[in-house]
Amino acid sequence: MSLLELSEQEILRRESLKELRAMGIEPYPAAEYVVSDYSQNIKEEFSDDAPKKEVTVAGRIMSRRIMGKASFMELQDSKGRVQVYISRDDLCPGENKDMYNVVFKKLLDIGDFVGIKGYVFRTQMGEISVHAEEITVLSKSLRPLPIVKYKDGVAYDSFDDPELRYRQRYVDLVVNDGVKDIFMKRSKVYKTLRSVLDEAGYTEVETPTLQQIAGGASARPFITHHNTLDTDLYLRIATELYLKRLIVGGFEGVYEIGKNFRNEGMDRTHNPEFTCMELYVQYKDYNWMMDFTEKLLEKICFEVNGSYETKVGDNVISFKAPYRRLPILDAIKEKTGYDLSGKSEDEIREVCKALNMEIDDTMGKGKLIDEIFGEFCEGTFIQPTFITDYPVEMSPLTKMHRSKEGLTERFELMVNGKELANAYSELNDPIDQMERFKEQLRLSEKGDDEAMFIDHDFVRSLEYGMPPTAGIGIGIDRLVMLLTGQTTIQEVLFFPQMKPEKVQPKDAVAKYTEIGIPEEWVAVIQKAGFLTVASLKEANPNKLHQDICGLNKKFKLELANPSKEDVAAWIGNIK
RNA sequence: GACUCAGUAGCUCAGCUGGUAGAGCAACAGACUCUUAAUCUGUGGGUCCAGGGUUCGAUCCCCUGCUGGGUCACCA
């Protein structure tokens, strides 16, 4: 990389790097650095009466306050920050004061990793700090970090451009308070989820991500290609059908926490890859699953937040069980006043018209009910609510309701006006399942590009017999959003999907040397704004000559300047 | 996909009616041995997102594109 591509501050840091090496200090040492303590426990365990405690800590320099022969810096480690006090004469007891005057004051920068050996004390202002006796360079940072300052918990100049924060999450995590907490809570969600499911006796499994038929949900899949098999494969949109095969195989309960991929729109609640937990348990039904789910979520919320409540925007949501259970038709009756039970498709169509909804003729009875619910009901359920007994048309993998005609034993859990989970008594009648798949095929032929494909192997497994089974899928990203009070999915994903960064097209050095430009001048010409040889064709030779000689002087490159005739000749050589 | 707002120094942001740019932090030089958004003095740093157009002249006005945010639509 040419120096000309770097900012002033980056150049200076690279020079500091060289100087450290020249002084015999390796800026990227290989040896383990043994740490005795963390910022957090140093502060928690300090006592003014106790004898001096020697500690070794390591972390990133986040700020420095230099006052001549003494300095303070803030050191950030994995647990937080601790202040370090450095006095010149305590760091360098001998004649040679280079470690303080040169290494610490000149060659180290904000962002560098250092190790500090010293003792813990309390400053006159009362802050528990480490008095440094030894400082070790652990890793040099070549790019300046954004500077975010905190006072009384208020952030000043916080690094908050969403584009930069998501593209460079590593920087976001380093400088912005609270970002890491969200992901620590996310990890706690996984831990609690696993412990509850494991204790219940269920088995964590992994099923294929690359599938020949992307089944188990209605969504457009990503397509990829396997060269050796010379066949297209899909990235899974759900884990459902494979997990049910394992129930056929005899597991009592199986669950998988994994990524699903859907080739659809992106917004504040949708990312192309997202995490789902699916659980299937034999001999259970959807009523049991509601009981299990509310206990599970209650426990997770408590473990993550220390309380059964969580705050999202202005809404305080309580995950304390039990949750309200409301059949979808009752929900519609409650919110719109229309009782749809026993109504025909045409009658429901009339209701839609009365409600001023936009509908079209391709929508069947189930779709119409779903639309009414989505339009008038879904957003109103802030507290966790099980909406139950969905129409069969929307639920091709669900067992028919034991008593209600045309409905299925299915529930969705609505929280904060959004679906958090989807569950049902699994359809285990292979003949019925085949019929439902065929119905999906008819929808597909009508142009519905999200209808399910027939998975013959899955039906074959049902033909061997699947016990009565209850299953559920929980959107983990949305759960984490609720438990951390976030309103966009990007805030709970380390690396949300973004459009690729734009890279300006730039010609190779050889392209420039072909027209007679010496290699050492190529970077200078590019710095002058001519990233491609073609763009140089229109350049004014006099101005270019001036520009590049100016850059030569400015950046002290010490190259022999070309003549105006040389520059004109380069431009003349371009075909 | 539609509409809308934004893109200026490493970061956060100003920038008037069109006359090639400012601040704070960061950086650099200097002072300072208990500071904490440290302080004080001085200095440097810019492809004003990109490409066209209008104009004597564009960071600014117009068009196109790129990236991001928001709202809506689609979708779970």
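Per chain, numbering begins at 1; letters A, B, ... match sequence-line order.
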Open item on the list: Does the protein touch nucleotides 38-43 of chain B at the base, only the backbone, or not at all? Give it as B, S and - per nucleotide, heavy atoms under 4.0 Å.
Closed with: B-----
Task: Qualifying residues under salt bridge (charged side-chain N to carboxylate O under 4.0 Å, His left out), relative to A:K140, sequence neighbours excluded - done: A:D109, A:D112
Open item on the list: Using modelled atom types and a 3.5 Å cut-off, is there a donor and acceptor pairing between side-chain atoms of A:N271 and backbone atoms of A:Q497?
Closed with: yes
Task: Selection from B:G30, B:G10, B:U35 that lies nearest to any side-chain heavy atom of A:T123 - done: B:U35
Task: Counter-base of B:A27, judged by Watson-Crick or G-U geometry with both distances under 3.5 Å - done: B:U43
Task: A:K151 vs B:U35: side-chain N/O to OP1/OP2 distance below 4.0 Å - done: no
Open item on the list: Using Watson-Crick or G-U wobble geometry with both distances under 3.5 Å, which nucleotide pairs with B:A37?
Closed with: none
Task: Integer-rounded Å distance: B:G1 P and A:K499 NZ - done: 7 Å
TODO: Would you verify whether the NZ or CZ of A:K149 falls within 45 degrees of the ring axis of A:Y156 while also being under 6.0 Å from that six-membered ring's centre?
DONE: no
TODO: Not counting sequence neighbours, list each pair that qualifies as a salt bridge (charged side-chain N to carboxylate O under 4.0 Å, His left out) and has a residue in residues 84-97 of chain A.
DONE: A:D89-A:K97
TODO: For residues 375-399 of chain A, pull every pair meeting ring-ring contact (aromatic ring centres under 6.0 Å, His included), keeping only residues two or more places apart or in separate chains.
DONE: A:Y323-A:F386, A:F386-A:F411
- [ ] Using modelled atom types only, decide if a donor and an acceptor are shared between the side chain of A:R64 and the backbone of A:L108 within a distance under 3.5 Å.
- [x] yes
Open item on the list: Give me each pair satisfying salt bridge (charged side-chain N to carboxylate O under 4.0 Å, His left out) with a member in residues 372-398 of chain A, each pair once, sequence neighbours excluded.
Closed with: A:D389-A:K404
At a cut-off of 3.5 Å, list every protein nitrogen or oxygen paired with a nitrogen or oxygen from nucleotides 70-73 of chain B, distance to 0.1 Å.
residue	atom	partner	partner atom	Å
B:U71	OP2	A:R268	NE	3.4

- [ ] State whether the side chain of A:R478 and the backbone N or O of A:A421 hold a donor-acceptor pair below 3.5 Å, judged by distance alone.
- [x] no
